[in-house]
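Report on the structure given below.
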Amino acid sequence: MGESSTSSSRRRTAGTGPRAAERIHEATLELLIERGYQKLTVEAVAERAGVNKTTIYRWWPSKGPLLRAALLRSRVLDIDIPDTGTLRGDLIALAGQMARLVNGERTGLVARAMLSGGAQDELALLARDFFADRLEQERPLFARAVARGELAADADPALLVDLIAGAVWMRILLRQLPAGEGFVEAVVDAVLRPVGVPLASVEGPR
């Protein structure tokens with residue numbers, strides 16, 4: 001098979017094949033951990049993923065969009081949006097997933113790498129996009145709570161998520177303490193009480 005046919009096959013695989021895309025995303029995150037954002041290169045990602053660098057450039061024009069895609073699409077960082085029937089139950093389940101991601105052997109290193117950028121550099125902007133994407137995924141959880149009458153319609157989902165996620169990240173990354181089920185429940189309860197969530201849904205059976 002000629003070079004042009006091989007390259008064409010690789011482009012189709014990298015562009016539309018889930019396995020090839022996941023390899024590229026995985027390689028990008030691995031190299032972010034190993035080298036940091038400044039030393040991350042498309043060429044290194046291509047070598048690690050086993051694809052031609054032109055394949056990557058065809059779909060991502062530089063390392064910034066490539067890392068953004070890896071952060072948003074890699075299954076390594078996936079979360080499942082819970083639907084337990086109560087806002088409290090949903091947020092406890094969600095916060096537990098956050099804790100597992102931040103505390104994970106690999107995902108924790110990605111989290112630390114994401115926090116290594118300055119306030120205005122490209123890595124910080126990519127991290128902002130990542131958290132904005134996660135919030136959009138989580139919004140249905142709050143919409144259900146409003147529909148059930150648990151949460152006021154004018155409550156700010158971003159603020160609630162920031163309070164919970166901030167406590168989890170602070171606990172694990174800065175204080176270097178465990179964030180087990182008891183901690184997660186305590187954080188969720190502390191966040192929900194002041195925003196008018198009915199006491200029964202906060203203090204119900206565990």
Side-chain angles (χ1 to χ4, degrees), residues 1-81 94 97-142 157-159 161-162 164-166 168-169 172-173:
M1 181 179 293
E3 176 62 27
S4 60
S5 298
T6 302
S7 298
S8 177
S9 175
R10 285 174 174 169
R11 284 199 295 272
R12 288 195 296 272
T13 301
T16 61
R19 291 182 181 177
E22 185 65 17
R23 281 204 316 274
I24 293 170
H25 295 159
E26 287 270 350
T28 303
L29 296 179
E30 288 173 2
L31 289 166
L32 173 68
I33 293 169
E34 294 172 15
R35 301 184 178 187
Y37 184 67
Q38 294 303 320
K39 295 182 179 180
L40 176 68
T41 66
V42 171
E43 290 76 11
V45 171
E47 182 177 359
R48 179 72 59 91
V51 300
N52 194 297
K53 68 180 180 180
T54 58
T55 299
I56 295 179
Y57 279 122
R58 183 170 297 276
W59 298 101
W60 298 287
S62 65
K63 70 178 182 179
L66 173 59
L67 179 56
R68 183 180 187 276
L71 291 172
L72 297 183
R73 305 293 172 239
S74 174
R75 288 179 294 178
V76 173
L77 299 174
D78 270 355
I79 57 172
D80 295 320
I81 304 303
L94 183 65
Q97 291 186 70
M98 292 178 184
R100 286 189 290 274
L101 283 175
V102 177
N103 205 38
E105 182 177 353
R106 292 186 62 213
T107 53
L109 294 173
V110 174
R112 287 170 172 82
M114 288 170 62
L115 295 178
S116 66
Q120 297 299 322
D121 70 10
E122 191 170 24
L123 180 57
L125 297 177
L126 293 171
R128 182 194 64 186
D129 288 349
F130 171 80
F131 288 114
D133 176 78
R134 286 296 184 267
L135 179 61
E136 288 307 307
Q137 293 184 43
E138 295 153 2
R139 283 189 184 278
L141 180 155
F142 296 98
L159 176 60
V161 170
D162 285 354
I164 294 170
V168 170
W169 284 59
I172 296 173
L173 294 182

Residues two or more places apart in sequence or in another chain: which of them pass side-chain hydrogen bond (donor to acceptor under 3.5 Å, both in side chains) with Arg68?
Asp129
Contact between Ile79 and Ile81 at the side-chain level, heavy atoms closer than 4.5 Å - yes or no?
yes
Would you compute the distance between atom CG of Leu101 and atom CZ of Arg106 and round it to the nearest 0.5 angstrom?
12.0 Å
Partner residues of Pro140 under the side chain to side chain contact (heavy atoms under 4.5 Å, CB included) criterion, sequence neighbours left out
Arg144
How close do Val168 and Met98 get, heavy atom to heavy atom, and via which atoms?
CG1-C, 4.2 Å
Go through it in stages, so that I can follow the logic: the residues are Ile24 and Leu66, the test is side-chain contact (heavy atoms from CB on, under 4.5 Å), and I'd like the CA-CA distance, side-chain angles, deciding distance and then a yes or no.
CA-CA 9 Å; Ile24 293 170; Leu66 173 59; 3.7 Å; yes
Residues pairing under salt bridge (Lys or Arg N to Asp or Glu O under 4.0 Å) where one sits in residues 37-49, two or more places apart or in two chains, turn out to be Glu30-Arg48, Glu34-Arg48
With Arg139 via side-chain hydrogen bond (donor to acceptor under 3.5 Å, both in side chains) - residues at least two apart
Glu136
Nearest-0.5 Å distance that lies between atom CG in Leu71 and atom CG in Leu123
8.0 Å
Between atom CD1 of Ile172 and atom CG of Asn103, what is the distance when rounded to the nearest 0.5 Å?
4.5 Å
List in chain and number order the residues that pass side chain to side chain contact (heavy atoms under 4.5 Å, CB included) with Ser74, two or more places apart in sequence or in another chain; answer none if no residue qualifies.
Glu22, His25, Glu26, Leu29, Val76
Quick one, Ile56 and Val51 - any side-chain contact, counting heavy atoms below 4.5 Å?
yes
Donor-acceptor contact below 3.5 Å, side chain Lys63 vs main chain Thr28:
no
For Glu105, what residues pass the salt bridge (charged side-chain N to carboxylate O under 4.0 Å, His left out) criterion, not counting sequence neighbours?
none
Closest approach of Phe142 to Pro157 (non-hydrogen atoms, all atoms of both residues):
CD1-CB, 3.6 Å
So, taking the atom named CE in Met114 and the one named CZ in Arg128, what distance separates them when rounded to the nearest 0.5 Å?
12.5 Å
In terms of heavy-atom contacts, does CG of Asp80 have more than 12 from other residues, nucleotides or ligands at under 6.0 Å?
no
Is the closest side-chain heavy-atom distance between Trp60 and Leu67 below 4.5 Å?
no
Across all chains, not counting sequence neighbours, the ring-ring contact (aromatic ring centres under 6.0 Å, His included) partners of Phe131 are Trp169
Is the backbone of Phe130 close enough, under 3.5 Å, to the side chain of Arg134 for a donor and an acceptor to pair up by distance?
no
Measuring only between side-chain heavy atoms, which start at C-beta, is Thr41 closer than 4.5 Å to Leu31?
no
To the nearest 0.5 Å, what is the distance between OH (Tyr37) and CG (Asp121)?
8.0 Å
Tell me, please, which residues at least two apart from Glu138 pass side-chain hydrogen bond (donor to acceptor under 3.5 Å, both in side chains).
none
By side-chain hydrogen bond (donor to acceptor under 3.5 Å, both in side chains) - contacts of Gln137 (at least two apart):
Asp133
The test is side-chain contact (heavy atoms from CB on, under 4.5 Å); show your working for Val102 and Thr107 and say whether it passes.
CA-CA 6 Å; Val102 177; Thr107 53; over 6 Å; no
Suppose we screen for side chain to side chain contact (heavy atoms under 4.5 Å, CB included). Which residues come up paired with Ala158, at least two apart in sequence or across chains?
Leu135, Asp156
